[in-house]
Amino acid sequence: MARTTGSGLGSWLSGPSESQPGAYPGERIGFPQTGPGSVARFGRRVAALCVDWLVSYGLAALAMTFGLLSIATLSTAVLVVWLVLGVVSVRLFGFSPGQLALGLKVVPVDDRSHVGSGRALARGLLIALVIPALFTDSDLRGLHDLATKTAVVRR
């Protein structure tokens, strides 16, 4: 069956014209191409996540040295520390410690002035699942960012 270009099945398969990718990541949502406010690339985001995990491991290991945790609960404690640290810091400051170190911040893409607690928690839980963060759209926003209407940009 040949693909038609007018109305009908062919135009339906191509999707709406507004969802077409922009000339650069972030153009469709109003971010600049380069510099502060531009969409952060995947490598910087992963590096910021690694820094956050290292900080969480350090805090959990510190709690373990004081006898608050056992070696059996260390991995769960690291996840909980990472989630709490991320939610609190994104809500209060707009970035996690790793994002601070790499010059990134989390911004809402709707008309809100900051990322709220609910959005920060939902975003953290979706990142903890790993899979949503791996799938991105043409604006380099992961499924966790799409679901919470946020984006990670350069500071």
Side-chain angles (χ1 to χ4, degrees), residues 15-16 18-155:
E18 62 190 273
S19 69
Q20 298 299 323
Y24 60 88
E27 179 185 31
R28 291 184 311 142
I29 48 180
F31 295 139
Q33 184 172 5
T34 59
S38 63
V39 174
R41 301 298 190 254
F42 190 71
R44 285 183 110 169
R45 294 169 63 157
V46 169
L49 181 65
C50 290
V51 170
D52 288 338
W53 274 109
L54 287 173
V55 169
S56 299
Y57 265 106
L59 291 173
L62 183 64
M64 193 172 73
T65 60
F66 288 125
L68 301 174
L69 298 173
S70 67
I71 192 75
T73 60
L74 181 64
S75 61
T76 303
V78 170
L79 180 62
V80 170
V81 168
W82 172 81
L83 183 63
V84 170
L85 183 68
V87 169
V88 170
S89 61
V90 166
R91 169 58 186 98
L92 292 177
F93 309 114
F95 48 80
S96 67
Q99 291 169 340
L100 172 66
L102 285 146
L104 304 175
K105 68 179 177 179
V106 180
V107 296
V109 295
D110 52 4
D111 294 333
R112 297 180 185 234
S113 60
H114 62 278
V115 178
S117 300
R119 285 186 184 192
L121 178 62
R123 190 174 184 281
L125 291 172
L126 288 170
I127 292 172
L129 293 175
V130 177
I131 300 299
L134 296 178
F135 293 100
T136 61
D137 65 356
S138 62
D139 290 319
L140 300 179
R141 293 171 58 211
L143 294 177
H144 61 287
D145 284 330
L146 293 171
T148 58
K149 295 182 178 131
T150 58
V152 179
V153 298
R154 295 175 63 191
R155 274 188 297 116

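Of the possible polar contacts, none joining the R154 side chain to the G103 backbone as a donor-acceptor pair under 3.5 Å is found. Side chain of T76 to main chain of T73: no donor-acceptor pair is present (N/O by atom type, distance under 3.5 Å, no hydrogens or angles). Under the 3.5 Å distance criterion, the side-chain polar atoms of R41 are matched with a main-chain donor or acceptor of V39.
Heavy atoms only, all atoms of each residue included: D139 and P25 are closest at OD1-C, 3.9 Å. Taking each heavy atom of G37 and P32 in turn, the nearest pair found is O-CD, 3.4 Å. Pairing each heavy atom of A48 with each of L102, the nearest pair is N-CD1, 3.1 Å. Closest of all the heavy-atom pairs between D145 and R123 is OD1-NE, 2.9 Å. Minimum interatomic distance between P108 and S113 (heavy atoms only, all atoms of both residues): CG-C, 4.3 Å. When every heavy atom of L140 is checked against every heavy atom of A40, the shortest pair comes out as CD1-O, 4.3 Å.
Using a 4.5 Å heavy-atom cutoff, the side chains of V109 and F31 are in contact. Residues D137 and R28 form a side-chain contact, since some pair of their non-hydrogen atoms from C-beta on lies under 4.5 Å apart.
Of the inter-residue distances, the one linking T136 atom OG1 with L143 atom CG reads 8.5 Å to the nearest 0.5 angstrom. If you take CG on L59 and CG on L54, they are separated by 11.0 Å, rounding to the nearest 0.5 Å. L49 CG to Q99 CD: the interatomic distance, rounded to the nearest 0.5 Å, is 9.0 Å. I127 contributes atom CD1, which lies 11.0 Å from atom CG of L134 (distance to the nearest 0.5 angstrom). Considering OG of S117 and CG of L92, their distance stands at 8.0 Å, rounded to 0.5 Å.
Sorted by first and then second residue, the ring-ring contact (aromatic ring centres under 6.0 Å, His included) pairs with a member in residues 107-151 form an empty list; sequence neighbours excluded. Residue pairs meeting the ring-ring contact (aromatic ring centres under 6.0 Å, His included) criterion with at least one partner in residues 56-88, sequence neighbours excluded, are W53-W82.
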V106 vs R119, side-chain contact (heavy atoms from CB on, under 4.5 Å): CA-CA, chis, key distance, verdict:
CA-CA 11 Å; V106 180; R119 285 186 184 192; over 6 Å; no
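Salt bridge annotation for R112-D110: present, with a cationic side-chain nitrogen under 4.0 angstrom from a carboxylate oxygen.
The side-chain contact (heavy atoms from CB on, under 4.5 Å) check on D111 picks up nothing, with sequence neighbours excluded.
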